[in-house]
Structure formats: C-alpha cells, structure tokens
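Here's the structure, in structure tokens; my notes come after.
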There are 2 protein chains.
Amino acid sequence: MSEHKENQLHQNSRGIGYLPGLAMDFVIFGFDQDQLKILLLEYRNTTLCALPGGFIRESENLNDAARRVLHERTGLADIYLDQFYTFGDLARYDKVPLRTIMQAKGMNPADDHWLLRRFVSVGYYALIDFSKAAPVPDTLSDTCVWYTLENLPQLMLDHQAIIQKALDTLRADLDRKLGGNDSWAAPLLPESFTMRELQKLYETILGQKLRRSGFQRKVLGLGILERLEKQYSGGAHKAPYLYQFVKGN
Amino acid sequence: MSEHKENQLHQNSRGIGYLPGLAMDFVIFGFDQDQLKILLLEYRNTTLCALPGGFIRESENLNDAARRVLHERTGLADIYLDQFYTFGDLARYDKVPLRTIMQAKGMNPADDHWLLRRFVSVGYYALIDFSKAAPVPDTLSDTCVWYTLENLPQLMLDHQAIIQKALDTLRADLDRKLGGNDSWAAPLLPESFTMRELQKLYETILGQKLRRSGFQRKVLGLGILERLEKQYSGGAHKAPYLYQFVKGN
DNA sequence: TATTATTGTCCCACAATGAGACAATATTGA
DNA sequence: TCAATATTGTCTCATTGTGGGACAATAATA
C-alpha cells in the first residue's frame, strides 16, 4: 500500500494535500534475461520489502496520480499502466511493520498518525522497459530492487496477494490484449527481437511452456509483427529473423 | 458516486463513521421479459437519475460494505457481485446536480459540505433475481426504477460511463465465467428455464444474435446444465426441455 | 569439414465452429 | 378431427483452429 511515501505529512510542506485514506500500489513488471521481475522497495534496519506506492493529490485525477508516481519511481513516462483491483480489507492493514519502518527512520508516530490509519488502495500494474528504468526509492525506503517472480522476499501487509492478483489479471488479459493492435509487450522487449525472445516472454508471464510452431503460427497470424532482415551473430545455429512491432496502428 | 446516501452527515446519528472521500456505485442488472434492466434512483422535483451507491464504514471491509449496501437497496443477500473499476477523475464530479438534489430535499448545503466534495468511487456490478428484488430508495432519492439498457434516462455525473464500463466487463467475462463451475447466470433466470431463455439472456447481454445449434452445443458441452422433463405448456410448437444449473459444484 | 544447436516451414490428425437441413411435435384454428 | 404453424432437438458438412511433431536449412564451433 504505499503508505510509505515521499512526505511524512498528509499535507506536505508546499501545501499540496492528498486524499485521505486512499493510496495506490504498483506492481511494476520488467523483463530481463528471460525472467519476469518486479520492482520492490527495501527498508534499511528492517527485513521488510514493499511494493512502490503513492497517494493522490486533492486536485489530481486518479490515473494521472498513477502516472506521476510511476514516473517518480522509475523515471519513465508513457508507460503501459492498468488498474486491476482496489483493495479494501481491514485485515490487510497492519500497523506493526509500518511502525517498525517509521521508527527505523527515527520517527515515533502516535497511534493515530495518518500513516497508521486504515487505507484503501487502488492496485495498478505496469509493464516497463527494464533497460531504460532508473529506479528511485522514496523517502521512507532505502533502495529499489528488482526481484524475480519466483524469488520474492517476505512482503509487507497484503502485498503478496496484490502481486498475485496483478499477475492473474495480466495472464487473463494476455490474449485479449494481443488481439488489439496495441503492442503492449513492446516495453518489455528490445526494439527488435527474435521469435524465441517473444515466446520466452509469453512463457514467463504465463508460467508455462508453449509449442514453438503453434506460437509462431498464432502470433504471425495477428499481423502485429514486422519481419526484418536476419541477424548473423547468435549461436551455433541457423540465424533467426528479427521482428519488431508494427508501429502506429 | 452514490454521494446520495442514507445519512446526511458523514458521521451518522449512531456515531458510525464512514471513510471520507470514498464511495461505491452499483450497476445492478436484472433480467425480465427478455430484457436486461438496470436499477436506478430518481429524485422528485428534478429530472435526475443516478446509480445506487453507498459509503464504507470505518471498520468494514470494502467488499462487505458492497454487500451491505446492495442488501439495503434490494433486500437480497448472497448476490453475485463483482468489483470492476475504480473511478477517480476530477471531471466526473460536478457539484451542481448534487446541490440541486439536496436543495429539492430542503437542504441548503455549504460549499464545503462533505457531500459536495470530491469522491473516488469503486464500481461494482451485480446480477440479481429480478423477481425476488424489493428495491428500496435511499433517503435522498424518492423511487427505485428499473430501466431497460437501451432506454436509459439522463444520468448524473459520469454514471453513464460507469454503466458502459460495467457492461463491457460483464461481456468480456461472460465466457470465462461460464468455464468456471459457478452458475453466475442463475440469479437472472427462474429456477428452471428453457434453452431459448438462456440463449436470450446471452444475446441480450452480448447485444448480438447467436446461432441456435452452436449455442446449444457449446453450453451443453460445459456440463453445467441438468436436463429435466419436458414442459407441456408453451406455444404452438414442440415442447422444449427444461434445464437447471447443476448445484453445488 | 563434420558436428551441433536452433530455426523456418510444412504436415497430419483431431477438435472446435459456422451455417444450415430436417424430422418431431404441442398448440391453434378451421 | 385434422391440417397448419412455430419451434425444438438433432444431425450433417465444410471450414477453421490447435496439438504435436517431422524435416531440411544453416551459422557457429571444433
């Protein structure tokens, strides 16, 4: 829930107020070396990790706030961003780890400190270009770290469940998103890529192997790929074609 | 937005507080006479209609609040309920119609009255048994009225867009929901029904005609229907079988 | 120059789907 | 009483999509 954010007061020093009780959490996916990764925040002096999150300014659209926070955390703009669920269980909110973090930061918050009150959190997931991201931690956390999906650390609150839900949504929407003529996968891959790389991406997101011929047949049939010249530099085998997503349709 | 709810104060007379700035809106679907209908609230002395909505108590899970409000508005429990999107645009919130409604109720709210402030609203849609619902208006509205989808009146704020989004989600999820062994369609149909009725329901939700033989083949193949004896009472034609959803799986 | 790993393509069996044909049969009305 | 009518249950056929693998082509390596 991102209750850990850049300003320690609900009304920051420049007088910009945030909506009370409402937060956003981000599941930021990147793809590197055949692995799907997620950006997490770590807190020094604690073993706690959390999803990046943020708050909504009083005169800011919810989705604009999401883009703003994502830009602040990754340095990236024009991101593929999807709102997937809003988490509002009471049980999800546990004061203890938050207090631990704040105390590790030298704070001694009262029981009714706004950061310790209940939050409802809107979940977004984003697909970003791993190679272009320049992750920046927020003021409460110390580092941004990419974690592999299969190797996640202990997470704060219900962040594990949020990631699971994001992944479920991403998987369920994969095929439908492909049908559309929007190359959602573009940020996860280099400018041009081989069919194998694209298939690996699919397999990693879906968590299952796909058959080579079937995958090629299907994805080429969609007409979203443009075939380039071959690449003569790979391994000890026939050179694969390079592809890129057809632009601007 | 549902900023129009049972208590005029954010802290009601019994001292139960609500989360500030957060609301829920409901797109309540019913099915009657081959038509998909939506439950709307009307305000006397105004031409305004709105979706039913509600607020979340300070110590209440978000999804519990949704079930509670739905029960208050329809008298029904154990409802099929799906959270589909959270609406947080500034533009969606317009004070003018709300003030009109409150004034029609004899109120004269100050500019910073809590009901006139910005709300973020979590959208839910529900599928309910039209014949068993006993709609009850809230304190700000005067009547509950079922409207046909194709014949919606002018709606407050962004409620038209909320309905559209709910419908899009419902359509997109139809087939996936079928795959699961949960008979989501049950509340929309009588206890037992003919294949034609089920097909009509599908066609109405999807907004398109389906082929008879294909529909039968597909839906029977799912194994979610139990065939009963024939019904001898219909029109001037061969009697159709009756079906019901197989229970408890 | 032979080996090796991987690629591009093709093939076949089978399942799913689109579109329709046709006999069966309650009710209606002559 | 019985033909007409509207609808139903089922079947067929062509077309398309999918699972699973075969096979030759070929860039690097040994």
Side-chain angles (χ1 to χ4, degrees), chain A residues 33-34 171-172 174-181 185 189-190 192-246, chain B residues 33-34 171-172 174-181 185 189-190 192-246:
Chain A
Q33 304 187 259
D34 289 359
R171 282 176 180 167
L174 254 200
D175 279 333
R176 240 187 308 166
K177 285 188 198 303
L178 257 202
N181 42 18
L189 290 171
S192 64
F193 47 88
T194 65
M195 189 58 73
R196 159 174 274 258
E197 289 177 293
L198 183 59
Q199 183 176 341
K200 279 277 184 192
L201 172 59
Y202 262 74
E203 292 178 340
T204 307
I205 293 177
L206 294 176
Q208 62 181 20
K209 290 282 176 196
L210 301 175
R211 240 150 293 275
R212 208 165 51 89
S213 61
F215 181 77
Q216 181 138 188
R217 182 167 49 188
K218 181 180 198 166
V219 80
L220 286 181
L222 293 171
I224 57 171
L225 293 184
E226 187 176 355
R227 179 179 280 186
L228 308 177
E229 82 290 350
K230 287 203 178 193
Q231 139 193 85
Y232 295 89
S233 65
H237 53 75
K238 187 175 179 180
Y241 285 107
L242 288 178
Y243 295 88
Q244 63 185 29
F245 291 106
V246 293
Chain B
Q33 303 187 260
D34 289 358
R171 283 177 179 166
L174 253 200
D175 279 332
R176 242 186 306 168
K177 285 188 197 305
L178 258 202
N181 42 18
L189 291 170
S192 63
F193 47 88
T194 65
M195 190 56 73
R196 160 172 275 257
E197 289 178 291
L198 182 59
Q199 184 176 340
K200 280 278 185 191
L201 172 60
Y202 262 75
E203 292 177 339
T204 307
I205 292 177
L206 294 176
Q208 62 181 18
K209 290 282 176 196
L210 300 175
R211 241 151 290 277
R212 206 166 52 89
S213 61
F215 181 78
Q216 181 136 188
R217 182 166 50 187
K218 180 180 199 167
V219 80
L220 286 181
L222 292 171
I224 57 171
L225 293 184
E226 187 176 357
R227 179 180 278 187
L228 309 176
E229 82 292 349
K230 286 203 178 193
Q231 141 194 80
Y232 296 87
S233 64
H237 53 75
K238 185 175 180 180
Y241 286 107
L242 288 178
Y243 295 89
Q244 62 185 28
F245 291 106
V246 293

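A quick note: this is a predicted structure, and the numbers were derived from the prediction, not measured. Letters go in sequence order (proteins before strands), and every chain restarts at 1. As a basis for the values below, the full set of heavy atoms in this structure was taken, side chains included, without hydrogen atoms, waters or symmetry mates.
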Atom [atom1] of [X] and atom [atom2] of [N]: how far apart are they, to the nearest Å?
X	N	atom1	atom2	value
B:Gln208	C:dG18	CD	P	10 Å
A:Leu210	D:dG21	CG	P	15 Å
B:Arg227	D:dT8	CZ	C1'	10 Å
B:Tyr243	D:dT8	OH	P	11 Å
B:Leu220	D:dC11	CG	C1'	14 Å
B:Lys200	D:dT7	NZ	C1'	12 Å
B:Phe215	C:dG20	CZ	P	19 Å
A:Lys238	D:dT29	NZ	P	19 Å

With sequence neighbours excluded, residues passing side-chain contact (heavy atoms from CB on, under 4.5 Å) with [X]:
X	result
B:Thr204	B:Phe31, B:Leu36
A:Gln244	A:Glu191, A:Glu226, A:Leu228, A:Lys247
A:Gln208	A:Leu206, A:Leu210
A:Arg212	A:Gln199

Checklist entry - If you check the B:Arg211 side chain, which of C:dA26, D:dT8, C:dG18 turns out closest? => result C:dG18
Checklist outcome for this item: With the side chain defined as heavy atoms from C-beta on, B:Arg196 is closest, among C:dT6, D:dT8, C:dT9, to D:dT8
Checklist entry - Below 4.5 Å, heavy atoms only, C-beta onward: do A:Tyr202 and A:Leu174 meet side chain to side chain? => result yes
Item to check | Side-chain heavy atoms of A:Asp34 within contact of A:Leu201, under 4.5 Å | outcome: no
Checklist entry - Hey, which of these two, A:His237 or A:Gln216, hits DNA chain C nearer its 5' end, going by closest nucleotide? => result A:His237
Checklist entry - Between the axis at one end of the helix from C:dT1-D:dA30 to C:dA30-D:dT1 and the axis at the other (five pairs apiece), what's the angle to 10 degrees? => result 10°
Checklist entry - Are the side chain of A:Gln216 and the backbone of A:Ser213 linked by a donor-acceptor contact shorter than 3.5 Å? => result no
Checklist entry - Residues two or more places apart in sequence or in another chain: which of them pass salt bridge (Lys or Arg N to Asp or Glu O under 4.0 Å) with A:Glu203? => result A:Lys209
Which pairs, protein N/O on one side and nucleotides 13-17 of chain D N/O on the other, fall under 3.5 Å?
none

Checklist outcome for this item: For A:Arg227, the side-chain hydrogen bond (donor to acceptor under 3.5 Å, both in side chains) test, sequence neighbours excluded, returns A:Tyr243
Item to check | DNA chain D: 5'-proximal contact among A:Ser213 and B:Ala236 (nearest heavy atom) | outcome: B:Ala236
Checklist entry - Ignoring hydrogens and angles, are the base of C:dG8 and the side chain of A:Arg212 linked by a donor-acceptor pair under 3.5 Å? => result yes
